[in-house]
Amino acid sequence: MTETGDTRLKRLRMRSMRRGTKEMDILLMRFSEARLAALSPAELDLYEALLEENDQDLYQWVTGQTPPPPHLAGLIGQVRAVSAG
């Protein structure tokens, strides 16, 4: 069974809100609400890969404590921009 675009967005939004740490729940929930629907299919693939990352690593990347991996840097920058408000 193939997943529709709407179903994929709903699934990714849910995964954004149920991370494991409250900080990442909040940051990724804000990003998913603000930008997820505008991402291309390739960007959604990358976002899905980002969701597989460890919350402690993600938090350090988003807050600028450590640099993100090069393949996620652009997306982390978008998350950072949305979280900065």
Side-chain angles (χ1 to χ4, degrees):
M1 180 186 330
T2 59
E3 185 176 52
T4 67
D6 286 340
T7 301
R8 184 179 192 191
L9 290 176
K10 287 177 186 177
R11 179 176 54 79
L12 292 175
R13 283 188 186 108
M14 185 63 70
R15 288 188 62 206
S16 297
M17 293 187 300
R18 303 227 171 132
R19 297 288 312 155
T21 65
K22 192 63 171 174
E23 294 85 353
M24 288 315 302
D25 289 352
I26 292 167
L27 293 172
L28 293 178
M29 181 179 59
R30 286 180 185 163
F31 176 79
S32 70
E33 289 172 350
R35 300 289 312 276
L36 209 57
L39 296 181
S40 71
E43 290 171 318
L44 287 173
D45 290 343
L46 191 59
Y47 186 71
E48 200 155 356
L50 179 139
L51 292 176
E52 296 297 324
E53 296 290 341
N54 180 298
D55 272 5
Q56 288 77 19
D57 293 336
L58 281 173
Y59 185 76
Q60 289 184 348
W61 299 337
V62 171
T63 60
Q65 295 175 38
T66 59
H71 71 284
L72 293 176
L75 188 55
I76 293 292
Q78 290 183 47
V79 173
R80 189 180 296 147
V82 169
S83 68

* To do: Determine whether Thr21 and Gln56 make a side-chain contact, defined as any pair of heavy atoms from C-beta on separated by less than 4.5 Å.
  => yes

* Asked: Are Val79 and Met29 grouped together when hydrophobic residues (ILVMFWY) are joined by side-chain heavy atoms under 4.5 angstrom apart?
  -> no

* Asked: Any salt bridge between Arg13 and Glu33, counting N to O under 4.0 Å?
  -> no

* Hey, is Asp55 close enough to Arg19 for a salt bridge, meaning N to O under 4.0 Å? -> yes

* **Same apolar cluster (I L V M F W Y, side chains within < 4.5 Å links), Leu58/Leu51** => yes

* Asked: Atom CD in Glu48, atom CG in Leu39: separation rounded to 0.5 Å?
  -> 12.0 Å

* Roughly how far apart are Met17 CE and Ile26 CD1, rounded to 0.5 Å? -> 12.5 Å

* Asked: Can you tell me how far the CD atom of Glu23 sits from the OH atom of Tyr59, to the nearest 0.5 Å?
  -> 5.5 Å

* **Close side-chain approach of Val62 to Ser83, heavy-atom, < 4.5 Å** => yes

* CA sep, side-chain torsions, deciding dist, call: Leu44, Arg8, side chain to side chain contact (heavy atoms under 4.5 Å, CB included) -> CA-CA 9 Å; Leu44 287 173; Arg8 184 179 192 191; 3.6 Å; yes

* Taking everything shown except Arg18 itself, do over 12 heavy atoms lie less than 6.0 Å from its CZ? -> no

* To do: Taking the side chain as every heavy atom from C-beta outward, state whether Val82 and Arg35 have any atom pair closer than 4.5 Å.
  => yes

* **Joint hydrophobic cluster, Ile76 plus Phe31, side-chain heavy atoms closer than 4.5 Å** => yes

* Between CG of Leu50 and CG of Asp45, what distance do you get to the nearest 0.5 Å? -> 12.5 Å

* Atom pair CE/CG of Met14 and Leu9 - distance to nearest 0.5 Å -> 13.0 Å

* Could you tell me whether the side chain of Arg11 and the main chain of Asp6 form a donor-acceptor pair under 3.5 Å? => no

* Using a strict cut-off of less than 4.0 Å between a Lys/Arg side-chain nitrogen and an Asp/Glu carboxylate oxygen, indicate whether Glu3 and Lys10 qualify as a salt bridge. => no

* Nearest 0.5 Å please: distance from the CZ atom of Arg80 over to the CG atom of Leu27. => 11.0 Å

* Asked: Side chains of Tyr47 and Ser16: is there a donor and an acceptor less than 3.5 Å apart?
  -> yes

